[in-house]
Amino acid sequence: MMLTRREREVLASLRRDPLAGAQAIADALGTTRAAVNVHLSNLGKKGAILGRGYILRQEHAVVVIGGANVDVKVRSLAPVAYHTSNPGRSHTSPGGVARNIAENLARLGTPTHLIAAVGQDPAGERLLSETRATGVRIDHVHRSTHPTGTYTAVLDADGDLVVAIADMAATDGLSPEHLHPARELIGHASMLVLDGNLPAQALAYALDIAAPTSVQTLIDPVSVPKAALLAPLFSGERTVFAVTPNLAELGALVGRRVDGGDGELIRAVAVLHERGVQHVWVRLGERGSLLSTLGEGRHFLDAPPAEVHDVTGAGDAMLGAFAHALLTGADPVDAARYGHAAAALTVATPATVRPDLTPRLVEDALNAPLRRTT
């Protein structure tokens, strides 16, 4: 089922609000009601919507499993002075790697289910309510006896991360037992995205559910300590569609420091290919990224220009947009470029997930000139 760009935008609006009328969709997209009615008719003929009430066909559904927590971001108003207080501003919002990826996917129009753990507390209620409002399905979120997790990030005056503290006890308690009720959903997903915050047993269980039905699985290692814990899972016994480490996480996955030189980088990536990973997408910060595909070669991709306001959530936007693009027919290289564009759009705002993110916004950003790197 191939959709035009405008049809995808209409579909994304319906996923956010299935009861929206043609005029409301037209107002949101800056077009006419008559044009929207034509797009709705075409979507019906293509099977993307079914019957009255714009019931959406569950094609290309993604299951995202991992962390969901409250983000507390504190930004200094001046260069950071250590071991003393600093003037600044704070902001609280929904967060968590898996939750953020799920929201990015939903905002881009991909049907998305989140499996995570949140506490039985007001913070958990608010987190679920705000996540549901973005279009993410939360039926399989586990209500933990632990408090809802928090991620507290301290940013300098330029928006770069100084330090972060994660209280992830609820996610740490997510076990195979909690994933078992969603086994049919996982096994029939078009794609499974796993966040390295998951305990190794839960992550292995999800991989084992996905393997018999050949569900494409993407893994974000999240951090160096988490990557080190995940490393034993990459043993060659399971096939993993893609893993998306940064340079330091790549080193933790292969068990040695990777200095960033092209030769050492390529050798480290080859180790993961030997261990069953089809695509290795290494994020290199301002240098862009390296996408290596088993048997098909390597591509160094430039980072798009971006006015950095806040780096929090950039990696989540990259992975969410990458997965969305793959499911809409893009090849991995073009999907990676799409992910870069979404990340650049995200860091330009103070939001962890850009609230006005749409396929059109990302596609327009792709036309911006690239920043060349040496």
Side-chain angles (χ1 to χ4, degrees), residues 63-68 96-98 101 115-117 142 146 149 164 166-180 182-183 186-187 189 191-260 264-284 289-295 315-316 319 322-323:
V63 176
V64 187
I65 311 178
V97 172
I101 293 170
I115 302 176
H142 172 63
H146 295 288
D167 177 358
M168 302 293 291
T171 300
D172 292 341
L174 201 60
S175 70
E177 174 188 355
H178 302 128
L179 302 186
H180 184 71
R183 62 193 181 281
I186 297 168
M191 187 171 285
L192 174 65
V193 180
L194 301 173
D195 148 7
N197 285 307
L198 277 173
Q201 281 188 326
L203 198 149
Y205 182 76
L207 287 172
D208 289 342
I209 294 173
T213 50
S214 301
V215 176
Q216 292 183 336
T217 304
L218 285 70
I219 301 177
D220 183 349
V222 174
S223 70
V224 171
K226 301 288 186 181
L229 293 174
L230 296 179
L233 295 175
F234 298 96
S235 62
E237 296 177 3
R238 302 178 181 90
T239 298
V240 174
F241 179 75
V243 63
T244 62
N246 62 24
L247 197 62
E249 293 161 0
L250 176 63
L253 288 173
V254 300
R256 65 172 185 264
R257 186 175 181 274
V258 181
D259 61 16
E264 180 60 24
L265 180 58
I266 290 168
R267 284 190 290 273
V269 165
V271 171
L272 290 181
H273 285 319
E274 292 169 0
R275 296 178 182 174
V277 182
Q278 184 177 356
H279 302 281
V280 183
W281 188 22
V282 186
R283 295 170 291 181
L284 301 172
S289 67
L290 166 66
L291 177 66
S292 179
T293 299
L294 181 63
D316 306 334
L319 181 49
F322 177 65

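Starting from 1, each residue takes its place in the sequence as its number. Values reported hereafter were calculated over all heavy atoms of this structure, with side chains retained and with hydrogens, waters and symmetry mates removed. Fair warning: this is a prediction, and the values are worked out from it, not measured in the lab.
Within the 4.5 Å cutoff, side-chain heavy atoms of Leu230 are placed close to those of Leu203. Side-chain contact between Val269 and His273 is present, with at least one heavy-atom pair separated by less than 4.5 Å. Ile209 is not listed as a side-chain neighbour of Leu207, based on a closest heavy-atom distance of 4.5 Å or more. Residues Val240 and Ile219 are in side-chain contact: their nearest non-hydrogen atoms beyond the backbone lie under 4.5 Å apart. Under the 4.5 Å side-chain criterion, counting only non-hydrogen atoms from C-beta, Ile65 is in contact with Leu192. Contact check for Leu194 versus Thr217: side-chain heavy atoms found under the 4.5 Å cut-off. Using a 4.5 Å heavy-atom threshold, the side chains of Ser292 and Ile266 count as separate. Counting only heavy atoms from C-beta outward, the side chains of Leu272 and Val254 approach each other to under 4.5 Å.
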Exercise. Could you please spell out the steps behind the side-chain contact (heavy atoms from CB on, under 4.5 Å) verdict for Leu265 and Leu250?
Key: CA-CA 9 Å; Leu265 180 58; Leu250 176 63; 3.5 Å; yes
Exercise for review: Verify side-chain contact (heavy atoms from CB on, under 4.5 Å) between Arg275 and Val271, making sure each step is shown before the conclusion.
Suggested key: CA-CA 6 Å; Arg275 296 178 182 174; Val271 171; 3.5 Å; yes
*Show your reasoning for whether side-chain contact (heavy atoms from CB on, under 4.5 Å) applies to Asn246 and Val282.*
CA-CA 5 Å; Asn246 62 24; Val282 186; 5.9 Å; no
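Ion pairing between Asp208 and Arg238 holds under the 4.0 Å rule for side-chain N and carboxylate O. Comment: Glu249 engages Arg283 in a salt bridge, judged by a side-chain N to carboxylate O separation of less than 4.0 angstrom.
Under the side-chain hydrogen bond (donor to acceptor under 3.5 Å, both in side chains) criterion, His142 pairs with His178, sequence neighbours left out. Not a single salt bridge (charged side-chain N to carboxylate O under 4.0 Å, His left out) links Arg183 to another residue, sequence neighbours left out.
From Gln278, atom CD reaches atom CG of Leu294 across 7.0 Å, with rounding to the nearest 0.5 Å. Taken from CG in Asp195 to CD1 in Ile115, the straight-line distance is 12.5 Å, to the nearest 0.5 Å. Taken from CG in Leu174 to CE in Met168, the straight-line distance is 10.0 Å, to the nearest 0.5 Å. Here CG of Leu319 is found 5.5 Å from CG of Asp220. Values are rounded to the nearest 0.5 Å.
Looking at every heavy atom in both residues, Leu198 comes nearest to Gly66 through CG-CA, 3.9 Å. Taking both residues in full, the closest heavy atoms of Leu253 and Pro245 are given as CD1-CB, 4.1 Å, listed atom of the first, atom of the second, then distance. Residues Asp172 and Pro199 share a closest heavy-atom pair of O-CG, 3.2 Å. Taking both residues in full, the closest heavy atoms of Ala323 and Met191 are given as CB-SD, 3.5 Å, listed atom of the first, atom of the second, then distance. Between Ala117 and Ala170, the closest heavy-atom pair is CB-O, 3.4 Å. For the residue pair Ala206 and Leu179, the shortest heavy atom distance occurs at CB-CD1, 4.3 Å.
By the neighbour-count criterion of 12 heavy atoms within 6.0 Å, atom CZ of Arg256 is densely surrounded, having more than that number from other residues, nucleotides or ligands.
When atom types are taken as modelled, the side chain of Ser289 and the backbone of Leu284 share no donor-acceptor pair closer than 3.5 angstrom.
Within the structure, the ring pair (Phe, Tyr, Trp, His ring centres under 6.0 Å) test picks out the following pairs touching residues 225-248 (sequence neighbours left out): Phe241-His279.
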